[in-house]
Amino acid sequence: MKLKFIYNKFLLIFLLLSIIVSSCSESTQTSSEYGKKVVKAAEKFTYGCPQFFYPKNEISPLYFPENWTELKNLRGVASWTPTVVKVNNEVITKDEYIQRLNLATEINQQTYSQYKVEPGAGFPGFTYELSNTEYLFPTLDFQNGYVCYAFVYRVNIDAGKSEAIPEDCDNIVANKTPALESEYSNEYQFNGDIVAYDWNNDGIFDHVGIIKDNSDPDVKNWRVLSSNGILEHFHYGVHEHRLEVFGTPPRGNFSTWDPGLQDYTWKIFINEN
């Protein structure tokens, strides 16, 4: 009887340990599987979209480098725009983005200024107030594309997550857990997580993206997908880049960058389902 009691006791302990190990493994796998879904959802905005014209050089060399001669993005990526574009109170899908761009595009179009303004149409660009009544083309109703935090939101929704539409970069990471800086290495699962950039170190995030690949030993070289209205590297749309692409060498890869933003900071946030 005593041996049977001891056997049953060990059997119970073994079963409890098995359940705990299985639960932990399942949790890790779930996080990893969601990360894979996020990366796959983010990648779909890098192909299969119509070509689009760049807006005129109206802002600064940071966004429009000198001697830039390309008129058009030919890469099949989704474009950038500075606002959250919605259809039926939801951030546009890839298909809706394509439909809006096709509606705005003229047959044999040669310039950005030829985009059509009609119901349901939309095209890349920004709204910039020149006076109380004058705006650069296009107006809010006809913008089309993904501001960085709308891109991250749309990716999460496409991956199966449910969350509120963000109003800014801080909003997209407000309820997410910051990863420990001591764990910024390829020993941990970060693919599908969010990296948020603070350009001027004022405690407000200015740009966000999705980590695509953290296999490089140096976190600064991890691959990120984000949407930006800069022409150099980003070509005014969704782009895959190294995590610290921003800034001029030796830190970043841009030929022109505001010196006051060179010492920007960033954080990684866990993007769980």
Side-chain angles (χ1 to χ4, degrees), residues 33-55 72-106 109 115-127 138-169 171-176 191-196 207-212 224-229 234-241 269 271-273:
E33 287 303 313
Y34 179 66
K36 290 177 183 176
K37 289 181 180 178
V38 170
V39 171
K40 185 175 181 181
E43 285 179 325
K44 77 176 185 179
F45 291 93
T46 66
Y47 62 84
C49 297
Q51 302 169 359
F52 62 85
F53 285 90
Y54 300 125
K72 209 174 186 183
N73 186 311
L74 309 176
R75 292 165 171 75
V77 304
S79 68
W80 175 87
T81 203
T83 62
V84 176
V85 180
K86 300 178 186 178
V87 171
N88 296 325
N89 295 317
E90 180 57 282
V91 173
I92 56 169
T93 64
K94 176 182 174 180
D95 287 344
E96 288 166 340
Y97 161 77
I98 292 171
Q99 290 168 12
R100 285 169 58 80
L101 184 58
N102 285 338
L103 281 173
T105 304
E106 293 276 10
Q109 184 172 333
Y115 276 121
K116 293 184 291 187
V117 175
E118 60 181 45
F123 46 97
F126 53 90
T127 296
T139 59
L140 294 174
D141 291 344
F142 298 101
Q143 287 186 29
N144 194 29
Y146 299 88
V147 67
C148 61
Y149 49 91
F151 167 70
V152 172
Y153 167 84
R154 184 70 254 175
V155 166
N156 276 336
I157 297 301
D158 290 350
K161 192 170 187 175
S162 176
E163 59 183 2
I165 297 174
E167 297 179 357
D168 52 35
C169 294
N171 213 203
I172 197 73
V173 296
N175 297 317
K176 295 177 175 59
N191 296 339
D193 287 343
I194 299 171
V195 57
H207 185 64
V208 288
I210 297 289
I211 296 174
K212 176 188 174 182
V224 173
L225 287 165
S226 70
S227 180
N228 204 310
F234 283 85
H235 297 269
Y236 216 81
V238 177
H239 177 60
E240 179 182 332
H241 55 89
F269 290 83
N271 194 21
E272 296 175 320
N273 193 0

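This structure is a prediction, so every number in the text was calculated from the model and none was measured.
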Atom pair CD1/CG of Ile92 and Leu101 - distance to nearest 0.5 Å: 9.5 Å
Donor-acceptor check, side chain of Thr81 to backbone of Gly125, threshold 3.5 angstrom: yes or no? yes
Working to the nearest 0.5 angstrom, can you tell me the gap between Thr93 OG1 and Asp95 CG? 5.0 Å
For His207, which residues count as a side-chain contact (heavy atoms from CB on, under 4.5 Å) partner, sequence neighbours excluded? Cys148, Tyr197, Trp199, Ser226, Asn228, Phe246
Check whether Tyr97 reaches the backbone of Ser79 with its side chain - one donor and one acceptor, N or O, closer than 3.5 Å. yes
Closest non-hydrogen atoms of Ile211 and Val39, given as atom of the first, atom of the second and distance, are O-CG2, 3.7 Å
Check whether any side-chain heavy atom of Phe123 lies under 4.5 Å from a side-chain heavy atom of Thr105, and answer yes or no. no
Heavy atoms only: give me the nearest Pro124-Pro138 pair and the separation to one decimal. O-CD, 3.8 Å
Please name all residues satisfying salt bridge (charged side-chain N to carboxylate O under 4.0 Å, His left out) with Glu240, sequence neighbours left out, ordered by chain then number. Lys212, Arg223
Could you tell me whether the side chain of Tyr54 reaches within less than 4.5 Å of the side chain of His235, counting heavy atoms only? yes
Per-pair distances, 0.1 Å, donor-acceptor, side chain in residues 149-158, under 3.5 Å, sequence neighbours excluded:
{"unit_1": "Tyr149", "atom_1": "OH", "unit_2": "Glu167", "atom_2": "O", "d": "3.3"}
{"unit_1": "Tyr153", "atom_1": "OH", "unit_2": "Glu90", "atom_2": "OE1", "d": "2.8"}
{"unit_1": "Tyr153", "atom_1": "OH", "unit_2": "Glu90", "atom_2": "OE2", "d": "3.2"}
{"unit_1": "Arg154", "atom_1": "NE", "unit_2": "Asp158", "atom_2": "OD1", "d": "3.0"}
{"unit_1": "Arg154", "atom_1": "NH1", "unit_2": "Val91", "atom_2": "O", "d": "2.7"}
{"unit_1": "Arg154", "atom_1": "NH2", "unit_2": "Asp158", "atom_2": "OD1", "d": "2.8"}
{"unit_1": "Asn156", "atom_1": "OD1", "unit_2": "Tyr34", "atom_2": "OH", "d": "3.2"}
{"unit_1": "Asn156", "atom_1": "OD1", "unit_2": "Asn271", "atom_2": "ND2", "d": "2.8"}
{"unit_1": "Asn156", "atom_1": "ND2", "unit_2": "Glu163", "atom_2": "OE2", "d": "3.1"}
{"unit_1": "Asn156", "atom_1": "ND2", "unit_2": "Asn271", "atom_2": "OD1", "d": "3.4"}
{"unit_1": "Asp158", "atom_1": "OD2", "unit_2": "Lys44", "atom_2": "NZ", "d": "2.8"}

Return the CG to OG1 distance between Asp141 and Thr83, rounded to the nearest 0.5 Å. 9.5 Å
Would you find a donor on one side and an acceptor on the other, under 3.5 Å apart, between the side chain of Asn73 and the backbone of Phe52? no
For Cys49 and Ala78 the tightest heavy-atom approach is SG-N, 3.8 Å
At their closest point, which heavy atom of Phe234 faces which heavy atom of His239, and how far apart are they? CD2-CB, 3.5 Å
How far apart are the closest heavy atoms of Pro119 and Leu103, and which atoms are they? O-CD1, 4.3 Å
Verify, without hydrogens or angle tests, whether Lys176 (side chain) and Ile172 (backbone) share a donor-acceptor contact under 3.5 angstrom. yes
Exactly one of Val224, Val195, Ile194 should register a side chain to side chain contact (heavy atoms under 4.5 Å, CB included) with Ile210. Which one does? Ile194
Where the side chain of Arg100 meets the backbone of Gln143, is there a donor-acceptor pair that is under 3.5 Å apart? yes
So, Lys40 and Glu43, do they make that salt bridge, N to O below 4.0 Å? no
For atom NZ of Lys161, is the number of surrounding heavy atoms from other residues, nucleotides or ligands below 6.0 Å larger than 12? yes
Would you say the side chain of Arg75 lies within less than 4.5 Å of the side chain of Thr46, judging by non-hydrogen atoms? no
Pair Val238, Ser227 - check side-chain contact (heavy atoms from CB on, under 4.5 Å), show working. CA-CA 4 Å; Val238 177; Ser227 180; 4.0 Å; yes
Quick one: does any side-chain atom of Gln109 pair with a main-chain N or O of Glu106 as donor and acceptor, under 3.5 Å? yes
Tell me the closest heavy-atom pair linking Asn102 and Pro50, and the distance in Å. OD1-CG, 3.6 Å
Tyr47 six-ring face occupied by Lys94 cation (under 6.0 Å, within 45°): yes
